[in-house]
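As structure tokens, the structure follows; a few thoughts come after it.
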Amino acid sequence: MDSARLQPASPPQPDQGLPPPLAAVPVPWKSTDPCQSHREFPGALVETSAGEEAQGQEGPAAAQLDVLRLRSSSMEIREKGSEFLKEELHRAQKELKLKDEECERLSKVREQLEQELEELTASLFEEAHKMVREANMKQAASEKQLKEARGKVDTVLFAEFRAWRESPTLDKTCPFLERVYREDVGPCLDFTMQELSVLVRAAVEDNTLTIEPVASQTLPAVKVAEVDCSSTNTCALSGLTRTCRHRIRLGDSKSHYYISPSSRARITAVCNFFTYIRYIQQGLVRQDEPMFWEIMRLRKEMSLAKLGFFPQEA
């Protein structure tokens, strides 16, 4: 048994299904020096040099083609940019032209307005000066007429006024008031309905007469000389058919009398005269000459009212 183990093993036979022995393959020498890396594949170095030579021959043509393409693109962009700028410039010039035209139009309008304003100002100044001149002329004429009127005033009437002014009284027996009663107050309060006229005159002298607008409701009224005083279409003093917008009340009486605008104007004129006379008596008016002319004006109002002239609002 020992001798059998010591015998060398015989090589396997081909017919046992094992692969044949490998042949020796030549392996190129490879240096471990990094500087000698080009010696690893001599054949590959030759092929690489050939490829680089071929690429070296094709490189300039491709680069030239790329440059041509870049130039073409650049020119195209430049042309488009130039066209865009031209359009923008044309649009800006058009807008600027429109603005210039608008500015010119506005400038003409401003010049026209300034000219019209100057003309209007000159016209207004001229009109104002004209009005001032006319006012001065009218004032001078009025003063002249006043002086002439003062020179023509009845010296007797003025003397009667001066005598009454020294001791103002409401006694109608004094010469001054007796004249006014006879010439103005009496005729102005002389209405067709004599009975009511007497009552109205007494109430005016006593300052107890009340005039008020006609209200919507109709209050009780009395009859004088068979005239229906409760009707707003009949004047209680004149007896005429008139639209009566006012009514009078005498003292504390509850009765009302509807009166026409003409009758109201006559009563109002007399009341104004007596009111001014009372102001003089109370010392509220002091200057004699203006006082006299105011009395003359009030006498004129009574005369006009007696003739039927009165303001429309009456």
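For this chain, numbers begin at 1 and follow the sequence in order. Not measured: the values here are computed from a predicted model.
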### Heavy atoms from other residues, nucleotides or ligands near CD of Glu126 exceed 12 (cutoff 6.0 Å)
no

#### Entry: Heavy-atom donor-acceptor pair, Ser74 side chain to Leu70 backbone, under 3.5 Å
no

### Task
For the pair Ser82 (side chain) and Arg78 (backbone), establish whether a donor and an acceptor sit closer than 3.5 Å, ignoring hydrogens and angles.
no

### Task
Check whether any side-chain heavy atom of Lys306 sits under 4.5 Å from a side-chain heavy atom of Asp184, and report yes or no.
no

### Message
Looking at Arg162, I want to see if its CZ is surrounded by more than 12 non-hydrogen atoms of other residues, nucleotides or ligands under 6.0 Å.
### Response
no

### Query
Any chain of hydrophobic side-chain contacts (each under 4.5 Å) joining Ile267 to Leu240?
no

#### Entry: Any side-chain heavy-atom pair of Leu250 and Leu209 under 4.5 Å
yes

### Task
State the CD-CG distance between Gln64 and Leu68, to the nearest 0.5 angstrom.
5.5 Å

### Query
Are Val285 and Trp293 linked, directly or through other ILVMFWY residues, by side chains that come within less than 4.5 angstrom of each other?
yes

### Message
Any heavy-atom pair between the side chains of Phe84 and Glu88 that's under 4.5 Å?
### Response
yes

### side-chain contact (heavy atoms from CB on, under 4.5 Å) evaluation trace for Arg245 with Ile259
CA-CA 7 Å; Arg245 300 186 180 89; Ile259 58 175; over 6 Å; no

### Heavy-atom check, side chain of Val270 versus side chain of Arg201, under 4.5 Å
no

### Query
Rounded to the nearest 0.5 Å, how far does OG of Ser107 lie from CD of Gln112?
11.5 Å

### Minimum heavy-atom distance Arg278-Val204, with the two atoms named
NH2-O, 3.4 Å

### Task
Just say parallel, tilted or perpendicular for the rings of Phe161 and Phe158, cut-offs at 30° and 60°.
tilted

### Query
Closest approach of Pro187 and Arg182, non-hydrogen atoms and distance?
CD-O, 3.5 Å

### Query
Stepwise, does the side-chain contact (heavy atoms from CB on, under 4.5 Å) test hold for Lys172 with Glu178?
CA-CA 5 Å; Lys172 58 186 176 182; Glu178 190 276 332; 5.8 Å; no

#### Entry: For Ser255 against Tyr257, the heavy-atom pair lying closest together
CB-OH, 4.2 Å

### Query
Counting only heavy atoms not in Asp100, do more than 12 sit closer than 6.0 Å to its CG atom?
yes

### Message
Centre-to-centre under 6.0 Å for Tyr181 and Phe274, is that the case here?
### Response
yes

### Query
Below 4.0 angstrom, N of the basic side chain to O of the carboxylate: do Arg105 and Glu101 qualify?
no

### Task
Check whether any side-chain heavy atom of Arg179 sits under 4.5 Å from a side-chain heavy atom of Val156, and report yes or no.
yes

### Query
What's the verdict on salt bridge (charged side-chain N to carboxylate O under 4.0 Å, His left out) for Glu127 and Lys130, showing C-alpha distance, side-chain angles and the deciding distance?
CA-CA 5 Å; Glu127 187 67 21; Lys130 182 179 178 181; 5.1 Å; no

### Task
For atom CD of Gln287, decide whether the heavy atoms of other residues, nucleotides or ligands shown that lie under 6.0 angstrom number more than 12.
no

### Query
Would you call Leu177 and Cys174 a side-chain contact if the rule is heavy atoms closer than 4.5 Å?
yes

### Query
Just by distance, do the side chain of Thr121 and the backbone of Leu117 share a donor-acceptor pair under 3.5 Å?
yes

### Message
Between Val198 and Leu196, is there shared hydrophobic-cluster membership here, with clusters defined by ILVMFWY side-chain heavy atoms closer than 4.5 Å?
### Response
no

### Query
For Glu212 and Arg249, what are the C-alpha separation, side-chain angles and deciding distance, and is it a salt bridge (charged side-chain N to carboxylate O under 4.0 Å, His left out)?
CA-CA 8 Å; Glu212 58 185 12; Arg249 183 164 52 87; 5.0 Å; no

### Task
Please round to the nearest 0.5 Å and tell me the distance separating atom CD of Glu87 and atom NE2 of His90.
9.5 Å

### Task
Begin from the C-alpha positions of Lys99 and Glu95 and carry the test salt bridge (charged side-chain N to carboxylate O under 4.0 Å, His left out) through to its verdict.
CA-CA 6 Å; Lys99 290 182 178 179; Glu95 293 178 356; 5.3 Å; no

### Query
Any sub-3.5 Å donor-acceptor pair from His256's side-chain atoms to Lys254's backbone N or O?
yes

### Query
Taking all non-hydrogen atoms of both residues, which atom of Ser263 and which atom of Cys235 are closest, and how far apart?
OG-SG, 3.2 Å

### Task
Answer yes if Phe292 and Leu170 sit in the same cluster of Ile, Leu, Val, Met, Phe, Trp and Tyr residues linked by side chain heavy atoms under 4.5 Å apart, and no otherwise.
yes

### Task
Output yes when a side-chain donor or acceptor of Trp164 lies under 3.5 Å from a complementary backbone atom of Thr169, and no otherwise.
yes

### Test side-chain contact (heavy atoms from CB on, under 4.5 Å) applied to Glu294 and Leu298, step by step
CA-CA 6 Å; Glu294 179 63 16; Leu298 293 172; 4.0 Å; yes

### Task
Would you give the length of the straight line joining atom CG of Leu199 to atom CD1 of Ile248, rounded to the nearest 0.5 angstrom?
9.0 Å

### Query
How many angstroms lie between CE in Met137 and CD in Gln139, if you round to the nearest 0.5 Å?
12.5 Å

#### Entry: Exam field: side chain Asn136 to backbone Val132, donor-acceptor pair closer than 3.5 Å
yes

### Residue pair Arg247 / Tyr258: nearest heavy atoms and the distance that separates them
NH1-OH, 3.3 Å

### Query
Would Arg297 and Glu301 satisfy salt bridge (charged side-chain N to carboxylate O under 4.0 Å, His left out), going step by step from the backbone distance to the final call?
CA-CA 6 Å; Arg297 187 188 68 81; Glu301 287 187 359; 2.5 Å; yes

### Task
Kindly confirm or rule out a cation-pi arrangement of Arg299 over Phe273, judged by NZ or CZ under 6.0 Å from the six-membered ring centre and within 45° of its axis?
no

### Query
Which value, rounded to the nearest 0.5 Å, describes the distance between Leu307 atom CG and Ser262 atom OG?
10.0 Å

### Query
Mind checking whether Leu237 and Arg266 have side chains closer than 4.5 Å, heavy atoms only?
no

### Task
With the side chain counted from C-beta on, respond yes when Thr234 and Arg242 share a heavy-atom pair under 4.5 Å apart, and no when they do not.
no

### Query
After noting the C-alpha distance and the side-chain angles of Asp206 and Thr208, does the key distance pass the side chain to side chain donor-acceptor pair (under 3.5 Å) rule?
CA-CA 5 Å; Asp206 297 337; Thr208 59; 5.0 Å; no

### Message
Let me check something: do Leu284 and Ile295 share a hydrophobic cluster, defined by ILVMFWY side-chain heavy atoms less than 4.5 Å apart, either directly or through other members?
### Response
yes

